[in-house]
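The analysis underlying the following values was restricted to heavy atoms, covering all of them including side chains, and did not include hydrogens, waters or symmetry mates. In listed order, ligands and their atoms are each counted from 1.
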Amino acid sequence: MKISMTRDVKKILSEFYKNGKKAYLVGGAVRDSLLGRDVVDFDICSDALPSETASIFGEENVLLTGEKYGTVTLFYNEKGYEITTFRSDGVYGDGRHPESVTFGKSLAEDLSRRDFTVNAMAAGPGGEVIDYHGGLEDLDKRVIRAVGNPEKRFSEDALRIIRAIRFSQALGFDIEAGTISAMKAEKERLRLVSKERIGAEIIKMSRFSFMPPEYVEIVSKAFDGYVFGDTVKSLGGVSFSRKDFYFAALFADTPKEATYGCLSSMALGKDVAETSAFIADNAIKSFDEDGAAELLVGNGRDKVKSLAAFKEEAFSDYNLSHTVDRFEREKRCFARSELALTGGEIKNLGFTGKEIGEVSDRLVRLCAGGKLKNEKSSLAAEAEKYRKKT
Ligand code: ATP
Ligand code: MG
């Protein structure tokens, strides 16, 4: 079996051989070429050490991105290639990362440390596929299968449990029976894995349809066992249009106090974490007209519109969207900045200091609830009433 490679990849591989070294395209690039998918990242493994790669291609073209792990980034024709020295990973004492990285001598050793058979194939400069673990057969059968003993591989690094789910969703593959039962047996170890690593996998997962209930059960262990309940399990197969919707879905059944903590520990960025947490918190609540108005005043249009769109995608529930649309048609106002009466104008009516803010907020609440028109004259009249009361 042969794959076709870009000219640049061929040239890079050949350059190693000209210098007495070996090099192969490896991992996802081989898998995706065989599947006829677009390949964006080209990972290469070689017996050359980082310093040797630097002297072959010139120091100025090589960035020592992860020298400790044997990884460098080679810039070649303005594209980056990750080049990693053959590795055989050491003992995983804490179930998180290898205590030592040993540079291996052979491609065979390097392929044995990889997670799944479909990720453990390599290709030489002529494109010939090297497959020691039955990856080609598993691609044919469309299954994700651990390389070697699955219990051992998941106990070495529990992140692989999440990765199995990610690849199964991304490729539309089943997880092989022995592999899935080992995932279930070892799932408690997910507590040991850093949230950043988990987050990075889930960010990638969010590009695909939502995972089925069987996997939700496993993934929940990565988040301190917060039970992902019936709502989350009912979302299997839903395709969300935004990644924050995916995270919101994951935490729809999680207690509010825990949700933001879990989301921020995943290093998603503040905006994504905040919107996801807001949607998760309100995902299964329903809002009558007053409830919707209150939500808009408290959280602003953007967040509430996101929530409404989420409810459509997740549950085909259009209620909140329709309410918000109607409010827009009625030109209701939900923030001080949207009032037809400015702070200065309120001041001119004789209010001072913090009274101005209080009057504005009262006007906003009345306009939001549809009890007052957002027009200068009616707002001013209402403000007058307020003064008489104080
Ligand atoms: P993608 O297209 O999603 O990036 P990929 O196969 O390139 O898929 P990466 O996460 O980029 O996946 O990892 C590159 C390769 O490194 C994998 O194909 C696999 O061989 C190996 N690998 C990555 N993480 C692990 C791990 N935790 N344990 C064992 N092997 C791993
Ligand atoms: Mg990759």
**Student:** Counting each atom of ligand 1 from 1 as listed, which ones have a heavy atom of Arg113 under 4.0 Å away?
**Tutor:**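 Atoms satisfying the 4.0 Å criterion: 29 (C), 30 (N).
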**Student:** Side chain or backbone of Asn119 under 4.0 Å from ligand 1, or both, or neither, by non-hydrogen atoms?
**Tutor:**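 The part of Asn119 near ligand 1 is both the backbone and the side chain.
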**Student:** I'd like to know whether Arg87 forms a salt bridge (Lys or Arg N to Asp or Glu O under 4.0 Å) with Glu109, so could you lay out the CA-CA distance, the side-chain angles of the two residues, the decisive distance to 0.1 Å, and finally the verdict.
**Tutor:** CA-CA 7 Å; Arg87 271 164 48 180; Glu109 270 176 290; over 6 Å; no
**Student:** For ligand 1, is Phe167 a contact, meaning one of its heavy atoms is under 4.0 Å away?
**Tutor:**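 Judged by the 4.0 Å heavy-atom criterion, Phe167 does count as contacting ligand 1.
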**Student:** Going by heavy-atom distance to atom 17 (C) of ligand 1, choose the closest among Arg163, Glu82, Arg31.
**Tutor:**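 Nearest option to atom 17 (C) of ligand 1, by heavy atoms: Arg163.
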**Student:** Could you tell me if any non-hydrogen atom of Leu159 lies under 4.0 Å from any atom of ligand 1?
**Tutor:**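 Outside the 4.0 Å threshold, so no.
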**Student:** Take atom NZ of Lys152 as the centre, draw a 6.0 Å sphere, and report whether it contains more than 12 heavy atoms from other residues, nucleotides or ligands.
**Tutor:**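 Incorrect, the count does not exceed 12.
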**Student:** Can you check which of Glu201, Arg166, Lys204 brings a heavy atom nearest to atom 3 (O) of ligand 1?
**Tutor:**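 Answer by nearest heavy atom: Arg166.
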**Student:** For ligand 1, which atoms have a heavy atom of Gly27 less than 4.0 angstrom away?
**Tutor:**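 Answer, ordered by atom number: 18 (O).
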**Student:** Are Phe210 and Tyr215 near enough that their ring centres are under 6.0 Å apart?
**Tutor:**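 No: the rings miss the under 6.0 Å criterion.
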**Student:** Classify the contact between Val26 and ligand 1 as side chain, backbone, both or neither, using a heavy-atom distance cut-off of under 4.0 Å.
**Tutor:**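 Neither part.
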**Student:** Among Ile, Leu, Val, Met, Phe, Trp and Tyr joined by side-chain contacts under 4.5 Å, find the other residues sharing a cluster with Phe208 and list them by chain and number.
**Tutor:**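 Same cluster as Phe208: nobody, lone residue.
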**Student:** If you measure every N/O of Arg160 against every N/O of ligand 1, is any gap under 3.5 Å?
**Tutor:**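 So ligand 1 has an N or O lying under 3.5 Å from an N or O of Arg160.
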**Student:** Salt bridge or not for Arg242 and Glu313, using N-O below 4.0 Å?
**Tutor:**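 No.
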**Student:** With a 4.0 Å cut-off on N to O distance, would you call Arg329 and Asp325 a salt bridge?
**Tutor:**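 No salt bridge links Arg329 with Asp325.
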**Student:** Suppose we call two aromatic rings close when their centres sit under 6.0 Å apart. Are Phe251 and Phe228 close by that rule?
**Tutor:**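 Close enough - the centres of the two rings lie under 6.0 Å apart.
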